[in-house]
Q: 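Pasting a structure below so you can have a look.
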There are 2 protein chains.
Amino acid sequence: MAKDKSYVSEAVMRRMPKYYRYLTDLEKSGIERVSSKELSHRMGLTASQIRQDFNCFGGFGQQGYGYNVSDLRHEIHKILGLTRVYNMIILGAGNVGQALANYTNFEKDGFIIKGLFDINPRLIGMSIRGIPVYDIDELESFISKNEIHIAVICTPKEKAQEVADRVIRCGVKGIWNFAAMDINAPRDTIVENVHLSDSLYTLSFRMSDD
Amino acid sequence: MAKDKSYVSEAVMRRMPKYYRYLTDLEKSGIERVSSKELSHRMGLTASQIRQDFNCFGGFGQQGYGYNVSDLRHEIHKILGLTRVYNMIILGAGNVGQALANYTNFEKDGFIIKGLFDINPRLIGMSIRGIPVYDIDELESFISKNEIHIAVICTPKEKAQEVADRVIRCGVKGIWNFAAMDINAPRDTIVENVHLSDSLYTLSFRMSDD
DNA sequence: TAGATTGTTAATCGATTAACAATC
DNA sequence: TAGATTGTTAATCGATTAACAATC
């Protein structure tokens with residue numbers, strides 16, 4: 001019943017994790033079924049939009065009943081690609097890199113941090129939550145020995161493109177970028193940005209909005 | 001010449017920080033003028049969109065010339081509300097809270113972290129980059145003594161709404177939310193979300209896209 | 001002046017909302 | 001069966017792109 005994901009719009013795609021969050025909460029609170037109307041109230045969307053969104057991927061509901069929470073959650077789990085495991089490395093073991101390494105929640109979803117890399121001799125050899133910090137010189141050999149799917153860029157922005165180029169050359173196809181710049185990458189490499197300063201500027205913009 | 005910000009769409013608003021980033025880079029590299037066409041190539045937008053975006057706020061360019069980089073950057077600086085200072089507190093002094101406190105770049109833009117708050121006795125009394133960690137019990141009295149504009153929520157998601165309610169009651173009008181849930185707040189309180197897991201799920205989605 | 005590029009209007013495209021037949 | 005709610009088509013709305021007169 002599930003359709004192809006190829007032509008899902010950016011807007012729909014960005015709502016999927018939110019659906020997943022709400023359905024996880026509903027399931028946890030023991031709720032078995034939910035209608036698009038009920039979900040629309042909780043999430044602040046329209047029921048129409050919710051049905052349109054789900055029907056990009058297949059008909060997960062049942063007329064007169066609604067959606068089975070657990071089934072729907074499971075479908076979205078699959079849609080998000082969370083049935084597999086992703087091996088990650090963190091480039092830059094500063095504040096942000098260390099915070100991400102310490103954050104254990106990603107592991108529950110199958111995102112495994114295999115190592116951190118830095119240029120700073122004081123950090124190299126350390127370990128964070130049991131995850132070693134390697135010399136950035138070992139980057140290429142490490143990737144060739146371990147199957148790394150995602151590189152998390154936590155370097156200063158001056159070094160971000162350089163390290164991105166290096167991991168792309170090694171065949172890494174996913175980049176989670178925390179540096180305050182846009183990364184250039186070939187079409188088959190997915191770059192997802194977390195621009196914290198952009199987010200803070202947006203907050204500032206809206207607070208000073210007249 | 002500058003227009004009202006009231007009816008700026010979400011889409012335009014989200015592009016403003018990106019313009020600010022690119023203009024800052026251009027100014028740093030000593031480039032004086034830029035046309036919408038040149039900027040469109042660099043940023044991967046259309047020239048038309050760029051001109052439309054800027055004209056939401058006023059006519060900052062000059063026919064036949066383009067835009068003066070430094071002037072335009074300064075205009076966007078104002079538009080983003082970065083001419084003032086924001087006092088912030090961080091709620092939750094765990095990984096994320098500490099990482100944000102250690103990150104000095106926000107201060108350059110006038111976002112000053114006045115304190116962290118936690119429930120954990122081991123953290124209370126510590127200081128991070130000179131910024132004290134207070135007992136969460138002191139939250140209300142601290143806010144009443146200091147003019148706090150923004151609360152950064154870095155608590156576990158179970159506590160997020162509770163601490164949000166407390167700071168809102170004290171008159172805080174801006175919330176930067178790092179917890180993996182949506183915060184309920186009155187209309188005059190601005191909530192800006194950084195949902196890291198949503199971002200990671202989106203990356204996963206696009207990597208497994210068929 | 002001639003060339004370049006804006007600001008702005010009109011046309012297009014895509015996303016959201018509304019409506020309703022299908023059906024559980 | 002009657003009531004509820006989906007899946008889907010049609011209508012609307014808003015955002016992006018194209019075009020061009022204005023003008024530096």
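Since the model is a prediction, treat every value here as computed from it, not as a measurement.
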Q: Specify the residues of residues 11-19 of chain A, ordered by number, for which at least one heavy atom lies under 4.0 angstrom from an atom of DNA chain C.
A: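 Those residues are A:A11, A:R15.
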
Q: Work out which heavy atom in B:A93 is nearest to a heavy atom in B:V133; give both atom names and the distance.
A: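 It is CB-CG1, 4.0 Å.
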
Q: Please give, in whole Å, the distance from C:dC24 P to A:Q62 CD?
A: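 Distance, rounded to whole Å: 7 Å.
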
Q: Quick one: ring pair (Phe, Tyr, Trp, His ring centres under 6.0 Å) partners of B:H74, sequence neighbours excluded?
A: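 Counting only residues at least two positions away or on another chain, B:H74 forms no ring pair (Phe, Tyr, Trp, His ring centres under 6.0 Å).
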
Q: Residues two or more places apart in sequence or in another chain: which of them pass salt bridge (charged side-chain N to carboxylate O under 4.0 Å, His left out) with B:E38?
A: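 Applying salt bridge (charged side-chain N to carboxylate O under 4.0 Å, His left out) to B:E38 gives B:R42.
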
Q: From CD of B:Q49 over to P of D:dA15, roughly how many Å is that when rounded to an integer?
A: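 About 11 Å, once rounded to whole Å.
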
Q: Are B:K18 and A:D198 within salt-bridge range, i.e. N to O under 4.0 Å?
A: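 No, no charged N to carboxylate O under 4.0 Å.
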
Q: Any ion pair linking A:E27 and A:R21 (charged N to carboxylate O, less than 4.0 Å)?
A: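 Salt bridge between A:R21 and A:E27, a charged N being under 4.0 Å from a carboxylate O: no.
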
Q: What pattern of brackets, bars and dots sums up DNA chain D from 5' to 3', given Watson-Crick or G-U wobble pairs under 3.5 Å, [ ] for crossing pairs and | for another strand?
A: ..||||||||||||||||||||||

Q: Go through the structure and list residues passing side-chain contact (heavy atoms from CB on, under 4.5 Å) with A:T155, not counting sequence neighbours.
A: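 Result, side-chain contact (heavy atoms from CB on, under 4.5 Å) vs A:T155: A:L91, A:I153, A:K159, A:A160, A:V163.
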
Q: If the condition is side-chain contact (heavy atoms from CB on, under 4.5 Å), which residues does B:A99 pass it with, not counting sequence neighbours?
A: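 With neighbours one apart ignored, the set is A:N95, A:A99.
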
Q: Could you check whether B:Y67 gets within reach of a base, just the sugar-phosphate, or nothing at all, counting any heavy atom under 4.0 Å?
A: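 Sugar-phosphate contact only.
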
Q: May I ask you to list the residues of residues 31-42 of chain B, by number, that have any heavy atom positioned under 4.0 Å from an atom of DNA chain C?
A: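 Of all residues in residues 31-42 of chain B, the ones placing a heavy atom under 4.0 Å from DNA chain C are B:R33, B:S35, B:S36.
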
Q: Between N or O atoms, less than 3.5 Å apart, protein on one side and nucleotides 1-3 of chain D on the other: list the pairs.
A:
none

Q: Rounded to the Å, how far apart are A:N55 CG and C:dA21 C1'?
A: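 Checked: the CG to C1' distance equals 15 Å.
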
Q: In whole angstroms, how far is the P atom of C:dG7 from the CZ atom of B:F60?
A: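 Distance check: B:F60 CZ to C:dG7 P gives 9 Å.
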
Q: Rounded to whole angstroms, how far apart are CD on A:E10 and P on C:dT16?
A: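 Atom-to-atom, A:E10 to C:dT16, this comes out as 11 Å.
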
Q: Ring of B:Y19, cation from B:R15 - is the NZ or CZ under 6.0 Å from the centre and inside 45° of the axis?
A: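 Negative - B:R15 is either too far from the ring of B:Y19 or too far off its axis.
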
Q: Given atom OH of A:Y7 and atom P of C:dG14, what is their separation to the nearest angstrom?
A: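 The distance from OH of A:Y7 to P of C:dG14 comes to 13 Å, rounded to the nearest Å.
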
Q: Using distance alone, with no hydrogens and no angle criterion, decide if A:Y22 and B:D182 have a side-chain donor and acceptor under 3.5 Å apart.
A: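 On atom types as modelled, these side chains qualify, holding a pair under 3.5 Å.
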
Q: When the nearest nucleotide of DNA chain C is assigned to B:F54 and to A:L45 on a heavy-atom basis, which residue is associated with the more 5' position?
A: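 By nearest-heavy-atom nucleotide position, the 5'-most residue is B:F54.
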
Q: Using atom types as modelled, flag every donor-acceptor pair under 3.5 Å from a side chain in residues 104-111 of chain A to any protein atom, sequence neighbours excluded.
A:
from: A:N105; atom 1: OD1; to: A:K108; atom 2: NZ; distance (Å): 3.0
from: A:N105; atom 1: ND2; to: A:Y103; atom 2: OH; distance (Å): 3.3
from: A:E107; atom 1: OE2; to: A:R129; atom 2: NH2; distance (Å): 3.3
from: A:D109; atom 1: OD1; to: B:Y201; atom 2: OH; distance (Å): 3.4
from: A:D109; atom 1: OD2; to: B:Y201; atom 2: OH; distance (Å): 2.6

Q: When the distance from CG of B:D53 to C1' of C:dT6 is rounded to whole Å, what number comes out?
A: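 One finds 15 Å between C1' of C:dT6 and CG of B:D53, rounded.
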
Q: Can you name the ring pair (Phe, Tyr, Trp, His ring centres under 6.0 Å) partners of A:Y67, sequence neighbours left out?
A: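 In terms of ring pair (Phe, Tyr, Trp, His ring centres under 6.0 Å), with neighbours along the sequence ignored, A:Y67 is linked to A:F54.
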
Q: So, B:R73 versus B:Y20: side-chain donor-acceptor pair below 3.5 Å or not?
A: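 B:Y20 and B:R73 do have a side-chain donor-acceptor pair below 3.5 Å.
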
Q: Listed by chain and number, what are the side-chain contact (heavy atoms from CB on, under 4.5 Å) partners of B:V152, not counting sequence neighbours?
A: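 Checked B:V152 against side-chain contact (heavy atoms from CB on, under 4.5 Å); matches are B:M88, B:I90, B:L100, B:I150, B:C154, B:W176, B:F178.
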
Q: Check every strand shown and say whether B:S48 touches a base, only sugar-phosphate, or nothing at a heavy-atom separation below 4.0 Å.
A: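 Here B:S48 touches the bases of the nucleic acid.
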
Q: On DNA chain C, check which nucleotide each of B:R51 and A:Q52 is closest to and give me the residue with the more 5' one.
A: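 Counting from the 5' end, the first nearest nucleotide belongs to B:R51.
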
Q: Could you state the CG-P distance from B:L72 to C:dT6, rounded to the nearest angstrom?
A: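 About 11 Å, once rounded to whole Å.
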
Q: Taking side-chain contact (heavy atoms from CB on, under 4.5 Å) as the test, write out the residues that go with A:D165, two or more places apart.
A: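 Listed in chain order: A:Q161, A:R169.
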
